[in-house]
Amino acid sequence: MAKLIDGKRISQEIKDELKAEVAALAQQGKTASLAVVQVGADPASSVYVRNKKNACAYIGIGSESYELPEETTEEELLALIQELNQKEEVHGILVQLPLPAHIDEEKVILAIDPSKDVDGFHPQSAGALMIGSKGFLPCTPAGVIQLMKRSGVEMEGKNCVIVGRSNIVGKPMAMLMLRENATVTVTHSRTKNLKEVCKQADILIVAIGKPKFINEEYVKEGAVVIDVGIHRLEGKKLCGDVDFDAVEPHVSAITPVPGGVGPMTIAMLMDNCVETMR
Ligand code: NDP
């Protein structure tokens, strides 16, 4: 039976470590506060925003909420970001994505002061990751690394195949795995013979956005499988990009959905917020 990589437990462990660190930093007079900006009232986004604010409260950092109506213009949002960039009491700025279609996400990300870019999406953060210098790491891929480190998954020298090349998961994931000295292959919708490529993986990281796409035909016996995908099926049940029941009997370790990568994203966001205090 495969080992279950428990993101719920590991994310709690990280949040508890951060809570202790924040308490110690507070003794030195250091504080941090996160500004969370949401445009419109998409129910999934509202849940994420609430969870982020709860996590801030748990570890002891401040949070300010900006809930803007759906019809907010790009100019109004950019003006708010400029204001938050200037505001000394705000250490991190998080704009919940996706934004309504009339707002250019790229422009908004670019407007955030890189020293407050706790989501790690600004080109300066992406560039720092690329060249291996200091900067905020994007939360989901950073969470995947922590999951593996804290579960005893050896990464150095392993063949890692990443399915997906998005700017928020696949590409930064590749950079982080290179940092861990894995040999990395990035695949996407034009990759030929995807099954054969995936079967070479000691570590298979899947961020493709298609429910239960990866089945046992894509995995090598004994591989480690990390499922970044998250989908709500009819009847509200959650599933990932990996067909867990089909794959689990063949692998040595696997993340469940829910309870795998999902909870790590917020834990790593909190880590980035605490980074502003260190
Ligand atoms: P995107 O849709 O931005 O990217 C999907 C990637 O998968 C693209 O690079 C695409 O290739 C590739 N792809 C699509 N179809 C195929 C195929 N048939 N074969 C090979 N590759 C394919 O998704 P994200 O990276 O934003 O998210 C991926 C998943 O992770 C989603 O389920 C999302 O909900 C989840 N997610 C979960 C998070 C968490 O906190 N747990 C955070 C972020 C995302 P191409 O580039 O060629 O189009």
Side-chain angles (χ1 to χ4, degrees), residues 5-8 10-12 14-15 36 42-52 54-55 94-99 105-106 109 118-121 125-126 129 136-148 160-177 184-201 204-215 217-219 225-233 236-244 254-272:
I5 299 178
D6 187 348
K8 226 171 144 181
I10 295 171
S11 66
Q12 188 59 46
I14 291 172
K15 282 190 281 183
V36 183
D42 171 60
S45 290
S46 299
V47 172
Y48 289 132
V49 164
R50 192 169 59 239
N51 290 343
K52 286 167 187 175
N54 287 344
L94 182 141
V95 179
Q96 184 63 43
L97 302 179
L99 290 167
E105 276 183 10
E106 217 178 301
I109 291 169
V118 287
D119 248 342
F121 293 162
S125 306
L129 170 59
F136 291 112
L137 299 178
C139 304
T140 302
V144 169
I145 297 289
Q146 283 301 316
L147 270 184
M148 289 195 273
C160 173
V161 175
I162 298 166
V163 191
R165 57 172 165 181
S166 70
N167 287 336
I168 62 166
V169 188
K171 281 184 208 159
M173 193 71 248
M175 289 303 132
L176 288 174
M177 287 305 287
V184 181
T185 304
V186 182
T187 65
H188 45 78
S189 66
R190 317 290 168 86
T191 297
K192 301 233 184 315
N193 305 323
L194 184 65
K195 280 183 189 170
E196 285 68 29
V197 178
C198 289
K199 264 191 160 321
Q200 302 301 313
L204 181 64
I205 302 177
V206 188
I208 182 173
K210 299 207 156 104
K212 300 190 183 184
F213 184 91
I214 298 291
N215 61 25
E217 293 171 18
Y218 290 78
V219 296
V225 175
I226 306 287
D227 187 357
V228 180
I230 182 145
H231 310 275
R232 196 169 286 281
L233 299 172
K236 300 229 161 181
K237 208 170 169 248
L238 292 176
C239 81
D241 290 347
V242 174
D243 184 343
F244 183 91
I254 185 168
T255 55
V257 177
V261 175
M264 296 301 292
T265 301
I266 290 186
M268 300 318 290
L269 172 68
M270 293 300 108
D271 188 62
N272 279 345

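All figures in this text were calculated on a predicted structure; none of them were measured in a lab. For ligands, and for the atoms within them, numbers begin at 1 and follow the listed sequence. We number each residue from 1, following the sequence as shown.
- Ligand 1 lies under 4.0 Å from heavy atoms of Thr140, Gly164, Arg165, Ser166, Ile168, Val169, His188, Ser189, Leu194, Ala207, Ile208, Gly209, Lys210, Phe213, Val228, Gly229, Ile230, His231, Asp241, Val261, Gly262, Thr265.
- In this structure the side chain of Thr187 never reaches within 4.5 angstrom of the side chain of Ile162, judged on heavy atoms.
- Between the side chain of Glu217 and the backbone N or O of Lys195, no donor-acceptor pair lies under 3.5 Å.
- Considering only heavy atoms from C-beta on, Pro138 comes within 4.5 Å of Leu129 through its side chain.
- For Phe121, the ring pair (Phe, Tyr, Trp, His ring centres under 6.0 Å) criterion is met by no residue, not counting sequence neighbours.
- For the pair Val186 and Lys171, the minimum side-chain heavy-atom distance is 4.5 Å or more.
- A heavy-atom distance below 4.5 Å is found between the side chains of Leu147 and Thr255.
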